[in-house]
Amino acid sequence: ISAGLTALQTKHPGFYYLQAAQYTIQRRQLSDLFKNEVAALVAEGKQIIQLPVTKYFGQFPWELEHYNSAMTNGNLDADDCLFTIQQQELDIDYSRIIIPLLNKAVGQFKQYKPTRMKRYLMLEMGNEYYLAGDYEKAFSIAMCVLGEYRRERWWSLLTAVLDLCLKCAYLVGNVQDYVAICCELIGVNMLKHVDDKADLQNNLLGVLEGKVPAMREGDESTQQLWNKKLAGGQEYVVEMTKLSSFLSCSTSFSTNSFQVDETIHFKVQLISTAALPITVSKVVVCFDNKKYDALAIRDEKIELSANAPVNLSFEMEPFSSDAACMLKISSIKLHISGQNSIVLQFGDVFPVAKCKIVPRVARATTSLAFKSPVLVGEFQQLTVNLSNKEECRISNVVFCVQVKSTTYAAEICKPNDNSFDTKLDFRLDCLDPQQSSDTSFIIRCNSEAKFDLSYVLSYSIALNNKTYMCESRNDMVLTSVAPFHSSISLMSSRCDPMETLLTCDRCLIFNELSATHDSCIEIKDITYDINPEFIFDEAPNEKQFSLTKHNIVTDCIAIQPKSSSKNTNIGAASVTWRRSDSVQTFTTTSWPLPTVSVNSLPVYLTNVVPSFGTLFDPISIRLCVVNISNYVQEIDIVAEPGDLFMFAGHKHLRCKILPNDKEYLQYQLVPLKSGLLSMPQPIIKLLRHPDVETSVLTNKLTKSIYVKPKVFIT
């Protein structure tokens, strides 16, 4: 093992060192069997003889045959040889052999991670150091394993280790640790007899009076050391949270929050499991805010009996500056006084006791008046009324209003101020009891959305020679809606829907306005900003009317393209409006008009059709083809056959039309049915422009006619 063999070849190396240490321990135990006998012979004056080289037989079976009576000890007496060997055995310091072996075993178990075995070996090392008289090392090694045995709640082992620590602490005069160990050993979890616990508690109380503990260990020098340590009035602080002690402590507030003008109530519960009663002379409650430490002190004698809960109630006034702060109990200190004193400190008390100091409830009220719903683009004035319902004057009055929106849907500003923001503050000097004050602000919504409007009233008030800050918070959800909805449609002069415009044709734009809310909208004017690429004559007069939820208003304008283009925006429409019951100025809402494509055609077609026809009576139709280009246009016209009419005229015609000239085509249609009939449309082709479709050329032609039934008179 010492040569470095691995654990895979020789199992676990630590066990070999452990076995060697155990053999040495057994050797020491065997030597104790003749210790008294050797001591008696030494007292009688028996002398140690000089032995030659000694050889032991019987270790191996094959050496037994070499042993005979002639080989005993030569001329030496057998009893003298045995006495000498036993005396030499008693002179061996076994601890100097055992401790290095255990230390090497610990090193092996550290490497291969069996933690419980490592703790066991460390405890054995502590015992060896104790037997060797090195109490400081024995104490430090035993203290290393205490925490792990506490976590595992292995009470029998913990009790044994604490007993060793108690002896070491006493023998080296370590009063601080002796007191802490006694506090743990007299607890209910320790497996000791109640009489032993009572003796330990008496020793603990004797330390308070400057008396040396009654222990079996030690000598006169130990007594002198303790007398020196206990002189002069010492204070010993014991951190009870880390121990499995005889005393449990818990705290709780009467409620989770206290107003800054209320008294804070909390209690501390103490339960002792010690065998004898114990008297606490002072209880100190410490907080994370050190200002409160001096307010929670109980300076009186409190007797704690076994398993009898003692509840201590505390009251204190919060500081007005701590409004909206958390208050937490950080530790409890119990003082046990005498000539010396012991402080039992419970840090990080579980469960954690904490409360919140909230501002005093404001009795001053706020009311917000506005018109619902909030309209997009409107500058609406909201009125705020502040009323003092307190019994005395309030000062440093601050009203704060804030818009909470992630999309910046709304902004606010003060009247006569155009600097919009999401937060405003209004300040007043003071308000007398029952006095009111009005203020206002402007809100403007930029888009349709829901947003939160938060307003806070804060002020200070003097009560009972103290100044308190009061605060009132309110939140409301507002919804902004569009003042009206616009529907834009493009129509031909015959009110047929259009998607593509022609340079030679006028187009009608119908602007239909409708409202979806209950407020009445007063519209002052509707204006249009038309692209210069279109011919537009705007009416000079203003268009004033009202728009309600159940009304629809339609405005119409006419435009004509100047030239062909693709994806051209017509322009924008604007409406100047306000609420009918509002005193605010008018606001303007604009939106874009459609984007269209404009085609330029070389010819222009119209037809003249009577308003109605009669069944079986001829209807005269006149088709006019106008060449609006600067070139001669050759056209091909084919009459479309149909089942509803009989046709008379040119069914197929090809002609040339000079620039700015016209060509007329006349034909007759005889209706065969009555009712609203679709008229046959000519198929027209421009030979110079074969890519122009017939549907574009015939867009302006009349598509249908109403035919009356024939009345026969008999």
Side-chain angles (χ1 to χ4, degrees), residues 175-190 194-214 226 229-254 263-287 290-317 329-350 353:
V175 184
Q176 175 71 43
D177 290 320
Y178 182 88
V179 170
I181 295 169
C182 284
C183 291
E184 193 164 8
L185 278 174
I186 63 177
V188 67
N189 294 323
M190 298 300 106
V194 64
D195 293 336
D196 295 334
K197 291 183 178 182
D199 293 339
L200 287 174
Q201 188 172 351
N202 287 326
N203 288 342
L204 182 63
L205 298 177
V207 171
L208 293 173
E209 303 302 329
K211 298 178 181 179
V212 179
W226 272 82
K229 290 288 185 72
L230 295 176
Q234 303 295 323
E235 182 180 88
Y236 307 105
V237 179
V238 180
E239 184 57 55
M240 302 290 282
T241 310
K242 300 178 181 179
L243 309 180
S244 177
S245 67
F246 72 98
L247 190 62
S248 64
C249 176
S250 61
T251 61
S252 62
F253 287 94
S254 60
T263 301
I264 297 177
H265 298 269
F266 65 95
K267 68 177 182 179
V268 177
Q269 185 182 70
L270 303 175
I271 302 177
S272 172
T273 60
L276 303 176
I278 191 167
T279 302
V280 176
S281 59
K282 184 168 68 172
V283 178
V284 178
V285 182
C286 300
F287 299 85
K290 298 305 178 182
K291 295 187 297 183
Y292 293 90
D293 289 355
L295 304 180
I297 298 177
R298 182 67 62 85
D299 198 354
E300 61 184 46
K301 290 185 177 181
I302 303 168
E303 184 173 305
L304 303 178
S305 301
N307 300 315
V310 175
N311 294 311
L312 306 177
S313 298
F314 291 83
E315 296 180 356
M316 60 184 184
E317 300 296 329
I329 295 178
S330 59
S331 63
I332 306 293
K333 296 181 180 180
L334 307 180
H335 293 255
I336 304 175
S337 300
Q339 181 180 340
N340 299 307
S341 62
I342 299 176
V343 179
L344 306 180
Q345 179 170 303
F346 294 85
D348 299 328
V349 182
F350 183 83

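Only a predicted model underlies this, so the values are computations on that prediction, with no experimental measurement involved. The residues of the chain are indexed from 1 along the displayed sequence.
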Any pair counted as side chain to side chain donor-acceptor pair (under 3.5 Å), so long as it reaches residues 305-315, sequence neighbours left out: His265-Glu315, Gln269-Asn311
Ignoring hydrogens, what is the shortest heavy-atom contact between Asn203 and Ala214? Give both atom names and the distance. OD1-N, 3.2 Å
Rounded distance [0.5 Å steps], CE in Met316 versus CD1 in Ile297: 11.5 Å
Between OH of Tyr292 and CD1 of Ile329, what distance do you get to the nearest 0.5 Å? 12.5 Å
Taking every heavy atom of Leu204 against every heavy atom of Cys183, the minimum-distance pair comes out as CD2-SG, 4.0 Å
Residue set satisfying ring-ring contact (aromatic ring centres under 6.0 Å, His included) with Tyr236, at least two apart, ordered chain then number -> none
Tell me every residue that passes side-chain contact (heavy atoms from CB on, under 4.5 Å) with Thr241, counting only those two or more places apart in sequence or in another chain. Glu239, Phe346
Of all the heavy-atom pairs spanning Ala306 and Ala274, show the shortest one and how long it is. CB-O, 3.3 Å
If the condition is salt bridge (charged side-chain N to carboxylate O under 4.0 Å, His left out), which residues does Lys242 pass it with, not counting sequence neighbours? none
With sequence neighbours left out, which residue pairs that include part of residues 298-309 fulfil the salt bridge (charged side-chain N to carboxylate O under 4.0 Å, His left out) condition? Arg298-Glu300
When rounded to the nearest 0.5 Å, the distance separating SG of Cys182 from CG of Asp177 is 11.0 Å
Tell me every residue that passes side-chain contact (heavy atoms from CB on, under 4.5 Å) with Leu208, counting only those two or more places apart in sequence or in another chain. Leu205, Ile336, Ile342
Closest non-hydrogen atom pair, Leu270 against Cys249: CD2-SG, 3.7 Å
Salt bridge (charged side-chain N to carboxylate O under 4.0 Å, His left out): pairs with one or both residues in residues 266-279, sequence neighbours excluded: none
Taking ring-ring contact (aromatic ring centres under 6.0 Å, His included) as the test, write out the residues that go with Phe246, two or more places apart. none
Taking only residues two or more places apart in sequence or in another chain, which ones pass side chain to side chain donor-acceptor pair (under 3.5 Å) with Asn189? Ser244
Sorted by chain and residue number, the side-chain contact (heavy atoms from CB on, under 4.5 Å) partners of Val237 (sequence neighbours excluded) come out as Glu235, Val343, Gln345
Val188: partners by side-chain contact (heavy atoms from CB on, under 4.5 Å), with sequence neighbours left out: Thr273
Can you list, pair by pair, the side-chain donor-acceptor contacts under 3.5 Å of residues 277-287, counting residues two or more places apart and other chains?
residue: Ser281; atom: OG; partner: His335; partner atom: O; Å: 2.8
residue: Ser281; atom: OG; partner: Ser337; partner atom: OG; Å: 2.9

Interatomic distance, CG@Leu304 vs CG@Leu334, rounded to 0.5 Å, equals 7.5 Å
Let me confirm one number: the NZ-CG distance from Lys197 to Leu276, rounded to the nearest 0.5 Å. 11.5 Å
Looking at CD1 of Ile264 and CZ of Phe266, how far apart are the two atoms once the value is rounded to the nearest 0.5 Å? 8.5 Å
For the residue pair Thr251 and Val268, what are the closest heavy atoms and their distance? CG2-CG2, 3.7 Å
Give me the atom names and distance for the closest heavy-atom approach of Ser330 to Lys290. OG-NZ, 4.3 Å
Taking atom NZ of Lys333 as the centre, report whether more than 12 heavy atoms of other residues, nucleotides or ligands fall under 6.0 Å from it. no
From CA spacing to verdict: side-chain contact (heavy atoms from CB on, under 4.5 Å), Trp226, Val175: CA-CA 8 Å; Trp226 272 82; Val175 184; 3.8 Å; yes
Is there a side-chain contact (heavy atoms from CB on, under 4.5 Å) between Leu247 and Met240 once you walk through the steps? CA-CA 8 Å; Leu247 190 62; Met240 302 290 282; 4.2 Å; yes
